[in-house]
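Contents: one structure, followed by commentary.
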Number of protein chains: 2
Amino acid sequence: MVDESGRHEDAYEAVFSALAHPARRRVLLTIYFNGGSMAAGEIAAVFSHAWQTTTRHLQILEAAGLLSSARDGRMRIYHLERKRLDLIRDWLAHFTITPDPTKETP
Amino acid sequence: MVDESGRHEDAYEAVFSALAHPARRRVLLTIYFNGGSMAAGEIAAVFSHAWQTTTRHLQILEAAGLLSSARDGRMRIYHLERKRLDLIRDWLAHFTITPDPTKETP
DNA sequence: CAAATATTCAGCATGTACGCTGAATATTGA
DNA sequence: TCAATATTCAGCGTACATGCTGAATATTTG
């Protein structure tokens, strides 16, 4: 996947950037503690932001693969993609392998 | 900790933002695979960026608590703070508790 | 069809991020 | 002390992020 400037938009960058904003972390937790799915309006109601602002946060989370969505009548239901969080665990796992014992600091 | 605009700069935000940039993730891995410590110049040599650009990345990583540093003669040694990565694991752990079985999606 | 509801799109202002260059600082060695 | 080495500070330009408001779209209900 390559963005408009030709730069490779790596999945790690999308996920970490998405999680960098407190409102977006709160969206994920809110959906999770609601059972995994919520309508856009229900999510927006949690925040004091204009609802259009929350819409954009939801789009960023979906672009990062952390949410999926489907229309249901006049509502849009967002669903938490918990598996996507494994990407972070995978990255963190790099730091659990001892890389070179001869250079280990005591 | 409160930043210049009076907003609480939460630790999660600092850490996730720091990890959002590919160069900064690479800095952490580079130091790790070098045994946990590296001089600023050694780190900068890995990148094609101007070294001043890497200096700023190092400062951001240090501000996020992911690196610590100490002068050693005319060099500055950066040390990886692996423990700080546990903050992310802690946040991810929120998603491993079943929140409300009555709302669970099958 | 018209009105109400739910959500998104488009555009604006402000602030921050990130690359750069040039100058400054600190330490070491001749 | 002077020159070399290692790093940081200051400032610039461009691009993007994030809040906002107003308009547009899609769907259901009367």
Side-chain angles (χ1 to χ4, degrees), chain A residues 2-10 12-27 30-31 34 37-64 66-79, chain B residues 2-10 12-27 30-31 34 37-64 66-79:
Chain A
V2 173
D3 71 14
E4 63 289 333
S5 64
R7 203 169 50 84
H8 274 269
E9 164 69 72
D10 109 67
Y12 289 131
E13 183 165 356
V15 171
F16 279 117
S17 297
L19 296 177
H21 198 289
R24 290 193 291 260
R25 287 195 306 278
R26 197 173 156 199
V27 165
T30 299
I31 297 175
N34 194 60
S37 294
M38 269 176 104
E42 290 183 279
I43 299 164
V46 172
F47 293 89
S48 50
H49 294 152
W51 67 92
Q52 297 97 322
T53 298
T54 301
T55 290
R56 189 153 43 186
H57 285 311
L58 291 172
Q59 290 169 342
I60 289 166
L61 287 165
E62 188 170 16
L66 291 161
L67 295 179
S68 58
S69 75
R71 259 207 171 276
D72 176 20
R74 61 182 122 179
M75 299 186 294
R76 179 167 291 274
I77 307 298
Y78 282 91
H79 185 80
Chain B
V2 173
D3 70 14
E4 63 291 333
S5 64
R7 202 170 50 83
H8 274 269
E9 164 69 72
D10 109 66
Y12 290 130
E13 183 166 355
V15 171
F16 279 116
S17 298
L19 296 177
H21 197 290
R24 289 193 291 259
R25 288 195 305 280
R26 198 174 156 200
V27 165
T30 300
I31 297 175
N34 194 59
S37 294
M38 269 177 104
E42 290 182 280
I43 299 164
V46 171
F47 293 89
S48 50
H49 296 151
W51 67 92
Q52 295 96 322
T53 299
T54 300
T55 290
R56 188 153 45 187
H57 285 311
L58 292 172
Q59 289 169 342
I60 290 167
L61 287 165
E62 188 170 18
L66 291 161
L67 295 179
S68 58
S69 75
R71 259 207 171 276
D72 176 22
R74 62 183 120 179
M75 301 187 290
R76 178 166 292 273
I77 307 297
Y78 280 90
H79 185 80

For [N], take OP1 and OP2 only and decide whether either is under 4.0 Å from a side-chain N or O of [X].
{"X": "B/Tyr78", "N": "D/dT8", "answer": "yes"}
{"X": "B/Arg71", "N": "C/dA26", "answer": "no"}
{"X": "A/His57", "N": "D/dG19", "answer": "yes"}
{"X": "B/His21", "N": "D/dC16", "answer": "no"}

Atom-pair distance ([atom1] on [X]; [atom2] on [N]), nearest Å:
{"X": "A/Leu61", "N": "C/dT8", "atom1": "CG", "atom2": "P", "result": "13 Å"}
{"X": "A/Leu67", "N": "C/dT8", "atom1": "CG", "atom2": "P", "result": "11 Å"}
{"X": "A/Arg76", "N": "D/dT25", "atom1": "CZ", "atom2": "C1'", "result": "12 Å"}
{"X": "B/Glu13", "N": "D/dT18", "atom1": "CD", "atom2": "P", "result": "9 Å"}
{"X": "A/Phe47", "N": "D/dC20", "atom1": "CZ", "atom2": "C1'", "result": "17 Å"}
{"X": "B/Met75", "N": "C/dA26", "atom1": "CE", "atom2": "C1'", "result": "14 Å"}
{"X": "A/Met38", "N": "C/dA6", "atom1": "CE", "atom2": "C1'", "result": "15 Å"}
{"X": "A/Glu42", "N": "C/dT5", "atom1": "CD", "atom2": "C1'", "result": "14 Å"}

Just how far is it from atom [atom1] of [X] to atom [atom2] of [Y], taken to the nearest 0.5 Å?
{"X": "A/Tyr78", "Y": "A/Leu67", "atom1": "OH", "atom2": "CG", "result": "7.5 Å"}
{"X": "B/Arg76", "Y": "B/Ile43", "atom1": "CZ", "atom2": "CD1", "result": "11.5 Å"}
{"X": "A/Glu42", "Y": "A/Asn34", "atom1": "CD", "atom2": "CG", "result": "5.5 Å"}

Sub-4.5 Å side-chain heavy-atom contact between B/Arg26 and B/Phe47: yes
A/Leu66 and A/Leu19, any side-chain heavy atoms less than 4.5 Å apart: yes
B/Arg74, nearest nucleotide to its side chain (from C/dT28, D/dT7, C/dT7): C/dT28
Interface residues of residues 48-56 of chain B with DNA chain D (non-hydrogen, below 4.0 angstrom): B/Trp51, B/Gln52, B/Thr55
Atom of B/Ala20, atom of A/Phe16 and distance for their closest heavy-atom approach: CA-CB, 3.6 Å
A/Ala23 vs B/Ala40, nearer the 5' end of DNA chain D by closest nucleotide: B/Ala40
side-chain contact (heavy atoms from CB on, under 4.5 Å) partner of A/Arg24, chosen from A/Leu61, A/Leu58, A/Thr54: A/Leu61
Sugar-phosphate only, base, or nothing, as touched by B/Ala39 at under 4.0 Å among non-hydrogen atoms: sugar-phosphate
